[in-house]
Amino acid sequence: QVQLVESGGGLVQPGGSLRLSCAASGSIFAIYAMAWYRQAPGKQRDLVARITSGGTTNYADSVKGRFTISRDDAKNTAYLQMNSLKPEDTAVYYCKMIRVMTRDNTLDAWGQGTLVTVSS
């Protein structure tokens with residue numbers, strides 16, 4: 001069983017910074033990619049950032065230059081450093097880990113979501 005636990009969300013002022021964490025637990029051998037998505041009320045869930053096991057990153061145009069995704073494979077953890085936050089960044093942020101390889105299978109896993117509110 002693979003579980004993802006997200007943390008780091010909260011209320012921040014425009015221009016501020018926040019760092020999200022997503023830790024996977026279980027008997028994990030490897031994780032191909034880690035990603036962050038976000039979903040605002042009434043909107044679809046969109047990819048924010050992604051990083052592969054080889055270190056290749058992708059970012060949505062709306063966050064490029066402001067957000068940085070990273071991973072710590074020793075801790076099976078993904079991070080999203082968010083700087084210069086804008087009100088339009090307000091959303092529930094979801095962690096996804098892609099092709100999580102365990103002893104018995106390979107699966108994708110989603111975190112529970114953490115709310116980021118950017119407001120003065």
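If you're wondering where the values come from, they're calculated on a predicted model, not measured in any experiment.
- A distance of 5.0 Å separates OH in Y32 from CZ in R50, rounded to the nearest 0.5 Å.
- Exactly one of V48, I51, I69 qualifies for a side chain to side chain contact (heavy atoms under 4.5 Å, CB included) with Y59. That residue is I69.
- Atom CD1 of residue I31 and atom OG1 of residue T106 lie 11.5 Å apart, to the nearest 0.5 angstrom.
- Hydrophobic clustering places V63 together with V12 (ILVMFWY residues linked when any side-chain heavy atoms are closer than 4.5 Å, directly or through intermediates).
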| request: Would you check, one step at a time, whether the test salt bridge (charged side-chain N to carboxylate O under 4.0 Å, His left out) holds for K64 with D61? | output: CA-CA 5 Å; K64 197 169 296 182; D61 287 342; 3.4 Å; yes
| request: Evaluate the criterion side-chain contact (heavy atoms from CB on, under 4.5 Å) for residue pair N76 and S25; output intermediate values, then yes/no. | output: CA-CA 7 Å; N76 290 323; S25 62; over 6 Å; no
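- Side-chain contact between T114 and S7: absent, with no pair of heavy atoms (C-beta onward) separated by less than 4.5 Å.
- Both L4 and L80 belong to a single network of hydrophobic side chains, linked directly or stepwise wherever heavy atoms of I, L, V, M, F, W or Y lie under 4.5 Å apart.
- Side-chain contact between S21 and K75: absent, with no pair of heavy atoms (C-beta onward) separated by less than 4.5 Å.
- Note on ring orientation: taking the six-membered ring where Trp is involved, the planes of Y93 and F67 are tilted (angle from 30° to 60°).
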| message | Using the rule given for side-chain contact (heavy atoms from CB on, under 4.5 Å), can you reason through W110 versus C95, listing the C-alpha separation, both sets of side-chain angles and the distance that settles it, and then say yes or no? | response | CA-CA 6 Å; W110 286 93; C95 177; over 6 Å; no
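- Interatomic distance, Q44 CD to Q39 CD, rounded to the nearest 0.5 Å: 8.5 Å.
- Inter-residue side-chain proximity for K86 and S62 is flagged as unmet; no heavy-atom pair is nearer than 4.5 Å.
- Here the shortest heavy-atom pairing between L20 and W36 reads CB-CH2, 3.6 Å.
- To the nearest 0.5 Å, atoms CG (L115) and OG1 (T90) are separated by 8.0 Å.
- Rounded to the nearest 0.5 Å, atoms CG (N83) and CZ (R66) are 9.0 Å apart.
- Looking at D89 and R38, their side chains come closer than 4.5 Å, going by heavy atoms from C-beta outward.
- Side-chain contact check for S53 versus R71: some heavy-atom pair is nearer than 4.5 Å.
- Judged by distance alone, with hydrogens and angles left aside, the side-chain atoms of D108 form a donor-acceptor pair with the main-chain N or O of R99 at under 3.5 Å.
- Residue-environment remark: CD (E88) exceeds the threshold of 12 foreign heavy atoms within 6.0 Å.
- With hydrogens and angles ignored, the 3.5 Å screen pairs a side-chain donor or acceptor of Q112 with a backbone N or O of E6.
- The two atoms that bring P14 and S120 nearest to each other are CD-N, 3.6 Å, heavy atoms only.
- When the side chains of ILVMFWY residues are joined at heavy-atom separations under 4.5 Å, either directly or via intervening members, M97 and V5 end up in two distinct hydrophobic clusters.
- Between the side chain of R45 and the backbone N or O of Y94, no donor-acceptor pair lies under 3.5 Å.
- The nearest pair of heavy atoms linking A35 to I98 is CB-CD1, 4.1 Å.
- Rounding to the nearest 0.5 angstrom, the gap separating the OG1 atom in T77 from the CE atom in M34 is 7.0 Å.
- When all heavy atoms of G9 and V116 are compared, the pair lying nearest together is CA-CG2, 4.2 Å.
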